[in-house]
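Below is one structure, written out as structure tokens, with a few remarks after it.
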Amino acid sequence: MAETAAKLKAPAKSKTPAKAASPSAPKAPATPKVVAKPKATAKPKAAAKPKTAAKPKATAKSNAVVTTRTAKAKAAVTGAATAVASKLPTVKVPEIKLPEMPEVTPKRAAIGAGLIAGIGAALFLWRSSRAEQPDYRVVEQDGDFEVREYPATTTAATSSRGPRRDAMERNFRTLADYIFAKSRPGERLAMTTPVTTAGSIKDGWTMRFLMPGGKAKGDLPAAPQGVTLETHPPRRAAAIRFNGSCTEALLDNKEGALRSWLQLKGYPHEAKAEHAAYNSPMMPGPLRRNELLVTLSEG
């Protein structure tokens with residue numbers, strides 16, 4: 001039994017004989033191991049921003065509190081204003097009665113129209129007084145009569161035939177269109193005074209506008225058809241001054257008076273008379289400045 005157990009424990013011998021090692025075969029060199037690259041270190045994630053806490057929504061209760069506080073503040077202000085007002089003295093405002101408007105009668109309407117005309121006349125008088133006038137020198141004066149010396153002047157002239165009044169209206173429109181640049185290109189020219197008219201039914205009527213001082217004929221805009229630019233030498237002239245609306249009868253009367261005075265003084269008086277108007281035709285007659293001129297000598 002003991003022997004049997006020993007046999008069982010002994011290892012079994014391999015029947016295949018072990019191969020003899022070849023003394024001449026060299027060993028294959030060992031393949032070098034590839035070293036793995038170190039993995040990139042992951043960037044640390046940014047810390048998440050803390051979420052802003054949502055504002056609590058206003059509740060009906062909080063709205064009611066605000067409304068109550070506002071009402072109390074208004075009541076306090078109103079109460080304070082009432083208390084201050086109660087201590088102020090009472091001021092009685094007298095009742096103002098407006099006057100009754102008077103009835104408009106034809107007489108009152110005429111008076112009103114006269115006042116408006118007077119204001120308009122004053123305005124025209126003021127404007128005409130500011131217009132440029134010739135710088136003459138008075139040599140002799142005798143009441144309404146004067147002898148004057150005028151410098152050289154430049155005028156724009158136009159002529160037409162027919163009754164004096166109709167011819168003057170046509171001539172005035174023609175010259176006004178020239179100075180106000182309606183019948184020509186360029187800038188407007190300043191209005192001057194006086195506007196002179198001379199002539200007769202037989203010969204026609206010539207009107208002249210005095211050009212602004214310092215402007216020679218060559219300095220003025222080219223004249224359109226029907227307008228002539230003229231240069232006048234220095235001259236000595238006699239004048240009579242008067243007011244009123246210039247009817248032909250009034251002009252004949254003043255011309256006769258001027259020639260009689262010239263004859264009395266021994267001055268020559270053969271030249272044609274010219275009427276000088278200083279105001280607009282809209283000016284009431286009593287406020288108009290008129291003159292009649294007779295040239296005594298030139299140069």
Side-chain angles (χ1 to χ4, degrees), residues 110-138 141-148 150 153 155-160 162-180 189-201 204-213 232 235 237-262 271-295:
I111 294 173
L115 289 174
I116 294 174
I119 294 172
L123 178 61
F124 277 114
L125 186 63
W126 174 76
R127 290 184 64 182
S128 62
S129 66
R130 295 172 60 87
E132 183 181 345
Q133 300 179 13
D135 188 20
Y136 60 80
R137 184 173 70 90
V138 177
Q141 185 174 12
D142 182 9
D144 294 332
F145 304 101
E146 290 181 348
V147 175
R148 305 169 180 171
Y150 285 88
T153 56
T155 61
T158 189
S159 301
S160 63
R164 180 179 179 276
R165 186 181 184 86
D166 296 341
M168 285 183 62
E169 290 179 356
R170 289 193 299 271
N171 292 343
F172 189 89
R173 285 196 299 268
T174 301
L175 294 179
D177 288 346
Y178 170 69
I179 67 169
F180 294 135
L189 297 174
M191 185 67 186
T192 60
T193 57
V195 174
T196 62
T197 303
S200 62
I201 291 287
W205 305 93
T206 299
M207 179 176 285
R208 292 180 173 88
F209 277 13
L210 185 69
M211 294 294 96
H232 305 276
R235 64 170 179 162
I240 180 173
R241 181 170 176 171
F242 58 97
N243 302 104
S245 299
C246 291
T247 62
E248 292 187 17
L250 178 61
L251 291 174
D252 290 342
N253 179 273
K254 295 301 179 181
E255 183 180 349
L258 178 59
R259 293 190 185 279
S260 297
W261 182 79
L262 289 173
K272 291 182 178 180
E274 56 182 325
H275 170 227
Y278 285 79
N279 307 114
S280 164
M282 297 181 65
M283 178 73 69
L287 298 178
R288 293 186 189 179
R289 176 185 172 184
N290 299 291
E291 292 177 349
L292 272 176
L293 302 170
V294 173
T295 299

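The chain is numbered in sequence order, starting from 1. Values below: every heavy atom of this structure, side chains too, minus hydrogens, waters and symmetry copies.
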Non-neighbouring partners of Ala156 that pass side-chain contact (heavy atoms from CB on, under 4.5 Å), sequence neighbours left out: Leu175, Tyr178, Met211, Val227, Leu229
May I have the step-by-step check of side chain to side chain donor-acceptor pair (under 3.5 Å) for Thr295 and Arg235, ending in yes or no? CA-CA 7 Å; Thr295 299; Arg235 64 170 179 162; 2.7 Å; yes
Side chains of Glu274 and Leu292: closer than 4.5 Å at any heavy-atom pair? no
Going by the rule salt bridge (Lys or Arg N to Asp or Glu O under 4.0 Å), which residues pair with Arg170 if we only count those two or more places apart in sequence or in a different chain? none
Name all residues meeting the side-chain hydrogen bond (donor to acceptor under 3.5 Å, both in side chains) criterion together with Ser160; count only those two or more places apart in sequence or in a different chain, and write none if there are none. Asn171
Can you find a pair of side-chain heavy atoms, one from Leu258 and one from Val294, that are under 4.5 Å apart? yes
What residues, two or more places apart in sequence or in another chain, satisfy ring-ring contact (aromatic ring centres under 6.0 Å, His included) together with Trp261? Phe145
Any residue meeting side-chain contact (heavy atoms from CB on, under 4.5 Å) with Ala190, in chain and number order, not counting sequence neighbours: Pro212
Report the distance from atom CG of Leu293 to atom CD1 of Ile240, rounding to the nearest 0.5 Å. 10.5 Å
In short, side chain to side chain donor-acceptor pair (under 3.5 Å) pairs touching residues 237-260 with sequence neighbours left out are Glu255-Arg259
Kindly state each residue pair satisfying salt bridge (Lys or Arg N to Asp or Glu O under 4.0 Å) with at least one member in residues 279-293, sequence neighbours excluded. Arg148-Glu291, Arg289-Glu291
Just to verify, what does Thr153 make a side-chain contact (heavy atoms from CB on, under 4.5 Å) with, not counting sequence neighbours? Leu210, His232
Closest non-hydrogen atom pair, Tyr278 against Thr193: O-CG2, 3.5 Å
Quick one: pull up CD in Glu146 and CZ in Arg137 and give me the separation to the nearest 0.5 Å. 12.5 Å
Pro194 and Pro134: which non-hydrogen atoms are nearest, and at how many Å? CD-CD, 3.7 Å
Does Glu132 reach the main-chain N or O of Gly213 with its side chain, forming a donor-acceptor pair under 3.5 Å? yes
Please identify each residue that fulfils side-chain contact (heavy atoms from CB on, under 4.5 Å) with Ser159, with sequence neighbours left out. Thr206
Residues which pass ring-ring contact (aromatic ring centres under 6.0 Å, His included) with Tyr136, listed by chain and number, not counting sequence neighbours: Tyr150
Within a strict 4.5 Å, meaning less than it, do heavy atoms of the Met168 and Trp205 side chains meet? no
As an exercise, state the distance from CG of Asn290 to CG of Asn279, rounded to the nearest 0.5 Å. 7.5 Å
Could you check whether atom CG of Asp135 has more than 12 heavy atoms from other residues, nucleotides or ligands sitting under 6.0 Å from it? no
Let me see the working for His275 and Arg164 under side chain to side chain contact (heavy atoms under 4.5 Å, CB included), right down to the final yes or no. CA-CA 12 Å; His275 170 227; Arg164 180 179 179 276; 3.2 Å; yes
Rounding to 0.5 Å, atoms OG1 (Thr174) and CD1 (Ile179) come to a distance of 12.0 Å
Are any of the side-chain heavy atoms of Val195 and Phe209 separated by less than 4.5 Å? yes
